[in-house]
Amino acid sequence: MSAEREQYAVLHYAEASLKGKNRPLFVRRLMHNIRQALADLGEAELRPLAGRLLLRLPASVPWETVAERLGWVCGLANFARCTPAPHDLEAIKRALDALLAGRQFASFRVQARRAFKELPFSSQELNRELGAHVLKTHATRVDLAHPELTIYVELVPRLALLYLEKHPGQGGLPVGSSGRLLSLLSGGLDSPVAAYRMLKRGCNVDFVHFHSYPYLDRTSQDKARQLAQLLTRYQYAARLFLVPFGEVQQHIVSAVPPPYRVVVYRRYMVRIAEALAQQTGALALVTGESLGQVASQTLHNLRTIEAAATLPILRPLIGMDKAEIIQQAQAIGTYAISVLPDQDCCTLFVPRAPATRSELAAVEAVEKALDPAQLLALALGGVQEVALCFPPPRPEPA
Ligand code: ATP
Ligand code: MG
């Protein structure tokens, strides 16, 4: 261990989700994802250690960058930059001195935790020994309830890991452990949050965006690209399908009375998305629908839309309030992109007050005038596929 040239971090995963046979799979997937997240930051070594992970990186990599990347890894409960020391009280004290050098703190506590049994000292003894040592080296006092500084010591086989600052992780499950989804991504606020919720449940999420270019401008596509790229930082690779929807809408408009158009648009989006899902291997679709939020999202209309689907449609925001969704969008950084002005395809040729209680039979009846095979071919023939990755590739040197 050459502390000058290396830096270390201890990473904790969400124990609650680790049951029986799934555990090794979960840990392997998590480790794979962490390596991906740090892939461009230099030679990393990652190993499992007594129910946590120990990461080693060159000291030259800025910790802020490492922390930012680890903060996006789903399946981590928390993590900390740490100083490793051998199981030797004097060595631990020396490591602690280095860690605390130059720091002033009015109060502190030591929180030692043993991750295994065979040790020459108990965590209580270590708390007392190190506490007494800090009182000798610093002008401070012990405060067990509300300390200014907590000194964490984790005892794992052969090592004591010391740290002062714990960063919260994403929680959830490692992406890639729950199967693949296809997200219907508008340029709006809700659908990116919905996709994020499913990423956090361990799904890989590809994206499909419907646009009405050239009837409308390209703003919604630009937003969809930016949103999909942002969400790729949680999953390292994804596909975005940009689907021309204007021609399909023209056909729908010619056959369907205004009040039903939004619902029929949605039913066609679902059908087209399912065709793409077959290509990607997605097992379900995801939308940003939230019950009652807009006219197209009444229970009646959701039912009418869903009847066009054969795959499950996941709606992780169905029970969330707009305020909660906005808060989450701000937290994950999609908000600033979503609120940019755009021209959304759903506003094309629809009345301001669409039917809120579409009857399935009535919608099916008006749809009879359309040829689904023809409309699907129209849309799928013009699909543009964008491959996304994270970390993004370095720009070629000029
Ligand atoms: P969002 O904030 O996600 O745009 P919204 O509140 O505007 O949602 P709707 O316009 O009714 O609600 O859209 C409902 C859902 O249908 C969206 O969350 C999204 O999943 C999907 N959707 C709507 N428009 C598009 C589009 N142009 N491309 C892809 N999916 C779309
Ligand atoms: Mg929208």
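Remember, it's 1-based here, ligands and their atoms both numbered in the order they're listed. If you're wondering where the values come from, they're calculated on a predicted model, not measured in any experiment.
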Within the distance-only criterion (no hydrogens, no angle test), does the side chain of D342 pair as donor or acceptor with the backbone N or O of T219 below 3.5 angstrom? no
Let me know which of V270, V262, V263 forms a side chain to side chain contact (heavy atoms under 4.5 Å, CB included) with R266. V262
In this structure, which one of R239, Q279, R180 forms a side chain to side chain donor-acceptor pair (under 3.5 Å) with D206? R180
Under 3.5 Å, is there a donor-acceptor pair between the side chain of Q235 and the main chain of T232? no
In terms of atom number and element, which parts of ligand 1 are under 4.0 angstrom from non-hydrogen atoms of S296? 11 (O)
Any idea which protein heavy atom is nearest atom 15 (C) of ligand 1, and the distance to it? E289 CG, 4.0 Å
Ligand 1 versus S186, non-hydrogen atoms closer than 4.0 Å: side chain, backbone, both, neither? both
protein heavy-atom neighbour closest to atom 29 (C) of ligand 1 works out as L185 O, 3.3 Å
Below 6.0 angstrom between ring centroids: does that apply to F241 and F207? no
Looking only at protein heavy atoms, what sits closest to atom 27 (N) of ligand 1 is F210 O, 2.9 Å
Measure from atom 7 (O) of ligand 1 to the protein's non-hydrogen atoms and state whether any distance is below 4.0 Å. no
With salt bridge (charged side-chain N to carboxylate O under 4.0 Å, His left out) as the test, would you mind laying out the steps for E154 and R52 before giving the verdict? CA-CA 10 Å; E154 287 183 25; R52 57 257 295 136; 2.8 Å; yes
Does the ring center of Y152 lie less than 6.0 Å from the ring center of H12? no
Touching ligand 1 at all, H211? Heavy atoms, strictly under 4.0 Å? no
In V286, N204, V175, the residue satisfying side chain to side chain contact (heavy atoms under 4.5 Å, CB included) with M198 is V286
Strictly below 4.0 Å, N to O, side chains only: are E306 and R315 in salt-bridge contact? yes
Atoms in ligand 1 with a heavy atom of L189 nearer than 4.0 Å: 2 (O)
Mind checking whether F108 and F105 have parallel, tilted or perpendicular rings, split at 30° and 60°? perpendicular
Heavy-atom distances under 4.0 Å are what count here, so tell me which part of V208 touches ligand 1: side chain, backbone, both or neither. backbone
Looking only at protein heavy atoms, identify the closest one to atom 5 (P) of ligand 1 and say how far it is in Å. D190 OD2, 3.5 Å
Check each of K223, Q297, R266 against atom 10 (O) of ligand 1 and report the one with the nearest heavy atom. R266
Nearest neighbour in protein (non-hydrogen) for atom 17 (C) of ligand 1: G288 N, 3.9 Å
Considering heavy atoms of the protein only, find what lies nearest to atom 3 (O) of ligand 1 and give residue, atom and distance to 0.1 Å. S191 N, 2.7 Å
Run the numbers for me: atoms of ligand 1, each under 4.0 Å from some heavy atom of V294, listed by number. 11 (O)
Just to confirm my output: which protein heavy-atom neighbour is closest to atom 20 (O) of ligand 1, and how far is it? L184 O, 2.7 Å
